[in-house]
Colleague: 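Pasting in a structure now, in structure tokens, and then I'll have a few things to ask.
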Amino acid sequence: MKKYVVELEPTAPFHFDASLHKPDHFPSADNAWAPGTRWQTMRWQGLPLGLKFENRGTVDQPAIRLSVWAEESLDAAFLDGLTAEIVYRCNLDLDLSDFYDRFADDTQLGPVIDRWRGLRPAAFSSLYEYLLIAIVLQNATVRRSVQMMQALLETHGTALVYDGRTLHCFWEPQALAGVTEDDLRQLKVGYRARTIRRVTDAFTGGTPSTGAMDELVLREVPLETQRKNLLALYGVGPASVGYILFDMFHHWGELSHVSPWEQRIYSKLFLDRDPDDPTPVEELLHLLDARFGEWKMMAVHYLWEDLFWQRVHQPVDWLEALIRL
């Protein structure tokens with residue numbers, strides 16, 4: 001494979017590991033991480049790519065070395081487009097100064113900001129790929145989701161061998177053109193086979209009235225139009241849409257739905273309440289809006305990531321029962 005190197009300069013402050021590794025995400029064969037390094041596959045303009053992000057700076061003087069492996073030769077225009085997309089997906093140009101100024105003195109959030117100053121939300125997937133991940137997470141334990149995603153990647157993805165690793169790259173929607181629901185069920189994804197098939201169809205053809213789903217077009221329309229289009233997808237509910245609006249379309253205050261699993265964690269996290277006797281959802285939403293306003297989902301992201309980074313170093317007993325990896 002051919003290798004290319006690009007130097008990236010995120011805005012300061014930037015916390016490399018906390019931004020480019022999310023310990024709350026379930027393990028998937030498209031990426032790997034070690035302190036200071038992330039390996040990630042990515043399909044861009046139809047090409048499967050192997051990426052390696054390396055920390056070459058500090059929180060206050062950030063720098064990233066991005067290595068790109070490809071089977072084909074890549075020109076400068078391709079690399080410029082790829083770089084711009086990575087900057088967008090990983091929020092490398094995000095300014096969080098207002099968020100920090102407003103909540104530096106918050107008794108709960110302030111110390112977390114101090115610990116993780118420069119942490120950014122990041123989504124490495126395309127919208128289509130993100131939806132597939134959301135589908136395998138539906139009504140399943142983490143272990144079950146890992147098994148389903150592994151089967152899908154091994155069957156329909158592309159294996160890439162680079163930098164001494166073998167990782168799998170997601171497929172394009174068009175690659176499933178001849179794949180039936182029954183074919184997908186053979187991978188033991190259950191009822192999700194229909195959802196995968198219908199969501200894929202939405203990206204390849206859509207309907208005469210709506211046309212195919214286009215991620216880049218969606219980025220440019222208002223929030224409620226994004227929400228409406230996403231909710232129109234077969235089998236995609238408000239929980240998945242909420243994640244997408246935050247992670248992929250960068251609405252930092254988007255928090256209008258709380259799943260039962262999150263309800264239990266939020267109850268413990270914000271009110272120190274027994275997860276088995278959670279606070280009503282409406283009460284949680286009111287609390288978070290009152291405390292954090294237009295930054296409420298960013299605040300949740302910081303506290304959530306802090307919790308799961310704690311778990312990296314030492315089990316969190318009450319949380320382990322809710323994860324079941």
Side-chain angles (χ1 to χ4, degrees), residues 1-8 16-56 64-74 78-79 81-83 85-86 89-90 122-137 140-179 183-184 186-189 192-193 196 200 247 308 312 323 325:
M1 296 181 79
K2 299 176 177 65
K3 179 183 175 182
Y4 304 82
V5 176
V6 179
E7 303 295 338
L8 304 176
F16 180 93
D17 282 324
S19 298
L20 299 191
H21 177 64
K22 305 297 182 183
D24 55 308
H25 290 187
F26 75 90
S28 177
D30 68 326
N31 70 85
W33 171 80
T37 308
R38 180 184 178 98
W39 295 265
Q40 175 72 52
T41 63
M42 179 176 171
R43 190 173 289 274
W44 180 244
Q45 295 185 11
L47 297 182
L49 307 172
L51 309 180
K52 181 181 181 181
F53 298 82
E54 297 175 272
N55 189 12
R56 287 291 183 266
I64 298 172
R65 173 169 293 171
L66 171 65
S67 300
V68 182
W69 281 264
E71 291 286 356
E72 302 182 22
S73 297
L74 307 178
F78 182 98
L79 290 170
L82 173 67
T83 300
E85 183 66 11
I86 288 171
R89 292 188 188 185
C90 298
F124 293 91
S125 307
S126 68
L127 175 58
Y128 173 68
E129 294 161 1
Y130 196 107
L131 285 162
L132 294 175
I133 293 168
I135 290 166
V136 301
L137 283 168
T141 63
V142 177
R143 180 182 290 110
R144 178 83 177 94
S145 296
V146 170
Q147 292 168 345
M148 288 187 283
M149 183 52 68
Q150 185 73 22
L152 286 163
L153 283 169
E154 289 180 354
T155 304
H156 298 293
T158 301
L160 298 179
V161 181
Y162 70 99
D163 200 42
R165 293 178 177 268
T166 301
L167 296 174
H168 286 76
C169 188
F170 275 88
W171 56 94
E172 291 185 292
Q174 294 81 359
L176 294 191
V179 178
D183 294 331
L184 292 168
Q186 294 300 312
L187 301 179
K188 302 187 186 310
V189 300
R192 298 166 194 83
I196 293 170
T200 299
D247 282 334
F308 278 84
V312 169
I323 295 175
L325 176 59

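Nothing fancy with the numbering, it's 1 onward along the sequence.
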Colleague: Side chains of H25 and P23, heavy atoms from C-beta outward: is any pair under 4.5 Å?
Modeller: no
Colleague: Looking only at heavy atoms, which two atoms of T83 and L8 are closest? And how far apart?
Modeller: CG2-CD2, 3.4 Å
Colleague: Of the non-hydrogen atoms in V189 and M148, which two are nearest, and what is the gap between them?
Modeller: CA-SD, 3.7 Å
Colleague: Does the E129 side chain pair with the main chain of S126, one donor and one acceptor, at a distance under 3.5 Å?
Modeller: yes
Colleague: Yes or no on side-chain hydrogen bond (donor to acceptor under 3.5 Å, both in side chains) for T158 and R43, after CA distance, side-chain angles and deciding distance?
Modeller: CA-CA 10 Å; T158 301; R43 190 173 289 274; 3.1 Å; yes
Colleague: Can you list the steps and then say if L187 with L152 is a side-chain contact (heavy atoms from CB on, under 4.5 Å)?
Modeller: CA-CA 7 Å; L187 301 179; L152 286 163; 3.8 Å; yes
Colleague: Test side-chain contact (heavy atoms from CB on, under 4.5 Å) on T41 and H168 and set out the steps.
Modeller: CA-CA 7 Å; T41 63; H168 286 76; 6.0 Å; no
Colleague: As an exercise, state the distance from CZ of R144 to CE of M149, rounded to the nearest 0.5 Å.
Modeller: 12.0 Å
Colleague: Given the rule in the side-chain contact (heavy atoms from CB on, under 4.5 Å) test, do M42 and F124 qualify, once you have shown the distances and angles that lead to the verdict?
Modeller: CA-CA 8 Å; M42 179 176 171; F124 293 91; over 6 Å; no
Colleague: Compare every heavy atom of H156 with every heavy atom of V179, then report the nearest pair and how far apart it is.
Modeller: CG2-CE1, 3.7 Å
Colleague: What's the separation between atom OG1 in T155 and atom CH2 in W171, rounded to the nearest 0.5 Å?
Modeller: 8.5 Å
Colleague: Can you tell me how far the CG atom of L132 sits from the OG atom of S125, to the nearest 0.5 Å?
Modeller: 9.0 Å
Colleague: Are any side-chain N or O atoms of D17 and backbone N or O atoms of G36, one a donor and one an acceptor, separated by less than 3.5 Å?
Modeller: yes
Colleague: Would you say Y162 and S67 are linked by a side-chain donor-acceptor pair, where the criterion is simply a distance under 3.5 Å?
Modeller: no
Colleague: Please report the closest heavy-atom contact between P27 and V146, naming both atoms and the distance.
Modeller: O-CG2, 3.7 Å
Colleague: Is the shortest heavy-atom distance from the side chain of C90 to the side chain of L20 under 4.5 Å?
Modeller: yes
Colleague: Check for a donor-acceptor pair, side chain of S145 on one end and backbone N or O of V136 on the other, with a separation under 3.5 Å.
Modeller: yes
Colleague: To the nearest 0.5 Å, what is the distance between OH on Y130 and CZ on R89?
Modeller: 12.5 Å
Colleague: I'd like to know if the side chain of T166 reaches the main chain of V161, judged simply by a donor and an acceptor atom lying under 3.5 Å from each other, with no hydrogens or angles considered.
Modeller: no
Colleague: Is a side-chain donor-acceptor pair under 3.5 Å present for W69 with D163?
Modeller: no
Colleague: Under the side-chain contact (heavy atoms from CB on, under 4.5 Å) rule, what do T200 and Y128 come out as? Steps first, then yes or no, please.
Modeller: CA-CA 8 Å; T200 299; Y128 173 68; 2.8 Å; yes
Colleague: If you compare all heavy atoms of L49 against all heavy atoms of A70, which two are closest, and at what distance to 0.1 Å?
Modeller: CD2-CB, 3.7 Å
Colleague: Considering only NZ, NE, NH1 and NH2 on the basic side and carboxylate oxygens on the acidic side, decide whether E7 and R65 come within less than 4.0 Å.
Modeller: yes
Colleague: Hey, what do you get for CG (L66) to CD (E54), rounding to the nearest 0.5 Å?
Modeller: 9.5 Å
Colleague: What is the distance from atom CZ of F16 to atom CZ of R56, rounded to the nearest 0.5 Å?
Modeller: 9.0 Å
Colleague: Is there side-chain contact between L47 and L74, with at least one heavy-atom pair below 4.5 Å?
Modeller: yes
Colleague: Quick one: closest heavy-atom pair of R192 and A140, and the distance?
Modeller: NH2-CB, 3.8 Å
Colleague: So do the side chains of L51 and W39 get within less than 4.5 Å of each other, counting heavy atoms only?
Modeller: no
Colleague: Does W33 have R38 sitting over its ring (NZ/CZ under 6.0 Å from centre, angle to axis within 45°)?
Modeller: no
